[in-house]
> 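One structure, as structure tokens, below. Some questions next.
Letters go in sequence order (proteins before strands), and every chain restarts at 1.
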Protein chains: 2
Amino acid sequence: MNIGAAAKASGVSAKMIRYYEETGLIPPAGRTAAGYRVYSDQDVHMLRFIRRARDLGFSVEGIRELLGLWRDQSRQSADVKRLALAHVADLRRKIAELEDMASTLEALASACHGNDRPDCPILSELETPCKPTDSTTDRSGAINRFRRG
Amino acid sequence: MNIGAAAKASGVSAKMIRYYEETGLIPPAGRTAAGYRVYSDQDVHMLRFIRRARDLGFSVEGIRELLGLWRDQSRQSADVKRLALAHVADLRRKIAELEDMASTLEALASACHGNDRPDCPILSELETPCKPTDSTTDRSGAINRFRRG
DNA sequence: ATGGGGCTTCCTACGATGGGAAGGTCAAGG
DNA sequence: CCTTGACCTTCCCATCGTAGGAAGCCCCAT
């Protein structure tokens with residue numbers, strides 16, 4: 001199988017297959033006399049594994065570890081689980097971060113009239129020096145025109 | 001104020017201030033005779049605006065638009081609100097994506113014994129194709145090795 | 001006047017991906 | 001046989017926001 005066929009079969013682009021090879025994520029493919037890379041069904045299997053892990057948000061480094069365990073017949077499933085749960089924690093951290101942004105911005109937007117006048121609490125908040133963050137406890141008082149929704 | 005002081009006062013690194021200037025997000029700073037950039041309190045104000053918008057996850061392009069409205073005294077708050085809500089929608093899309101990953105992976109992890117045995121449903125799932133992928137419309141032929149087992 | 005810290009520009013890198021150019025190869029059809 | 005077009009190869013560049021570093025100039029205090 002040439003790289004194009006392997007790409008189609010695995011869902012990993014030819015570009016990325018070469019990149020993975022170059023960075024050592026996958027072993028160098030065999031070559032034809034003309035220098036074409038050749039792939040077996042096994043290789044495509046591995047590429048699909050990689051593709052699937054990418055879809056789950058694993059970094060290439062994370063996949064490197066997963067592949068190591070995958071190939072290791074004497075692995076312990078606890079190691080796989082640990083890796084997976086660490087990644088879940090990463091994802092949840094990121095989600096919380098984005099959710100903070102979204103809810104803050106949403107609250108600001110809901111306080112904005114959204115009409116033809118220029119005054120806008122969103123811009124007002126953006127130009128205030130300190131972060132109002134979660135101001136259920138009214139500590140500083142000075143810059144506190146912000147309310148959570 | 002030199003760039004270092006402006007950086008400290010605004011929370012934007014000197015590196016990034018130069019970058020923002022280079023890419024036209026902010027106007028070129030004035031210079032001393034020796035070529036040092038000089039910043040006013042107004043400039044720091046603007047930099048803090050940028051910093052705050054970055055904290056809310058706006059891209060530099062998004063900030064460019066926000067800055068345009070900020071500077072435009074005849075802006076309409078509706079435009080600001082539209083921009084903000086579009087960004088909220090982006091954030092929520094990303095959140096949903098990450099949440100999908102996290103919950104999928106979490107379900108797999110909960111099915112994993114996490115012991116010293118090698119068998120692991122996480123790896124098993126990763127090595128199976130994401131979905132039956134439309135095996136009804138068999139276009140490419142030949143390579144149809146999906147769903148083993 | 002010397003030393004240390006700040007400033008300048010320019011180059012590099014990251015992570016994962018895509019785009020494209022220049023040139024070699026293969027298979028099919030005239 | 002030769003052309004054509006699809007495929008392959010390598011190499012370079014771009015993204016986006018941020019950071020690190022080198023070489024060299026500037027400013028202030030000692």
> Roughly how many Å is it from CD1 in B:I50 to C1' in D:dG17, rounded to a whole number?
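Whole-Å distance recorded here is 13 Å.
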
> Hey, does B:F58 reach any base, or is it just sugar-phosphate, or nothing, if we go heavy atoms under 4.0 Å?
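Contact class for B:F58: none.
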
> Only counting residues at least two apart or in another chain, list the ones meeting side-chain contact (heavy atoms from CB on, under 4.5 Å) with A:D100.
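Residues passing side-chain contact (heavy atoms from CB on, under 4.5 Å) with A:D100: none at all.
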
> For nucleotides 4-12 of chain D, read 5' to 3', which letter fits each nucleotide if B means a protein heavy atom sits under 4.0 Å from the base, S means only the sugar-phosphate is that close, and - means neither?
---BSBBB-

> Contact boundaries of DNA chain C with chain A (under 4.0 Å, heavy atoms), 5' to 3'?
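Footprint of chain A along DNA chain C, 5' to 3': C:dA16 to C:dC26.
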
> Short of 4.0 Å, heavy atom to strand atom, which residues of residues 83-92 of chain A count as contacting DNA chain D?
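Here the set is empty: none.
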
> Sort and list the pairs that fulfil ring-ring contact (aromatic ring centres under 6.0 Å, His included) and have at least one residue in residues 8-43 of chain B, not counting sequence neighbours.
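Found none.
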
> Are B:Y20 and D:dT18 close enough that a side-chain N or O sits under 4.0 Å from OP1 or OP2?
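Yes, such a contact exists.
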
> Write out all pairs satisfying salt bridge (charged side-chain N to carboxylate O under 4.0 Å, His left out) with one or both partners inside residues 19-37 of chain B, taking only residues at least two apart or from two chains.
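Applying salt bridge (charged side-chain N to carboxylate O under 4.0 Å, His left out) to every pair that reaches into residues 19-37 of chain B, excluding sequence neighbours, yields B:E21-B:R31, B:E21-B:R37.
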
> What is the separation between atom CG on B:L47 and atom P on D:dG17, rounded to the nearest whole Å?
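Taking atom P of D:dG17 as the reference, CG of B:L47 is at 16 Å.
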
> Classify the nucleic acid contact of A:T32 as base, sugar-phosphate or nothing, counting any heavy atom under 4.0 Å across all strands shown.
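Contact class for A:T32: none.
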
> Running the 4.5 Å side-chain criterion over Ile, Leu, Val, Met, Phe, Trp and Tyr, what cluster does A:L98 land in, apart from itself?
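So far as hydrophobic clustering goes, A:L98 is joined with A:L91, A:I95, A:M101, B:L91, B:I95, B:L98, B:M101.
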
> What ring-ring contact (aromatic ring centres under 6.0 Å, His included) pairs are there with at least one residue in residues 95-116 of chain A, not counting sequence neighbours?
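Sorted pair list comes back empty.
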
> When the distance from CE of B:M16 to C1' of D:dT18 is rounded to whole Å, what number comes out?
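Atom CE in B:M16 sits about 6 Å away from atom C1' in D:dT18.
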
> Suppose we screen for side-chain contact (heavy atoms from CB on, under 4.5 Å). Which residues come up paired with B:L56, at least two apart in sequence or across chains?
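A:T104, A:L105, A:L126, B:R52, B:F58.
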
> Between A:K94 and A:D90, does any NZ, NE, NH1 or NH2 come within less than 4.0 Å of an OD or OE carboxylate oxygen?
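Not counted as a salt bridge, because no side-chain N and carboxylate O are separated by less than 4.0 Å.
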
> Quick one: list whatever passes side-chain contact (heavy atoms from CB on, under 4.5 Å) with B:S59, sequence neighbours left out.
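Per chain and number, B:S59 pairs via side-chain contact (heavy atoms from CB on, under 4.5 Å) with B:E61.
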
> How does the hydrophobic cluster around A:V38 look, that is, which other residues are in it when side-chain heavy atoms under 4.5 Å mark a link?
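Once heavy-atom contacts under 4.5 Å are chained together, A:V38 still belongs with nothing else.
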
> Measure the shortest side-chain to side-chain distance between B:S10 and B:M1 over non-hydrogen atoms and say whether it is less than 4.5 angstrom.
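No, side chains not in contact.
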
> Of all residues at least two apart in sequence or in a different chain, which pass the side-chain contact (heavy atoms from CB on, under 4.5 Å) check with B:S110?
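For B:S110, no residue satisfies side-chain contact (heavy atoms from CB on, under 4.5 Å) once neighbours in sequence are set aside.
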
> Assuming nearest nucleotide by heavy-atom distance, tell me which of A:S13 and A:A33 is located more 5' along DNA chain C.
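With A:S13 and A:A33 compared, the 5'-side residue is A:S13.
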
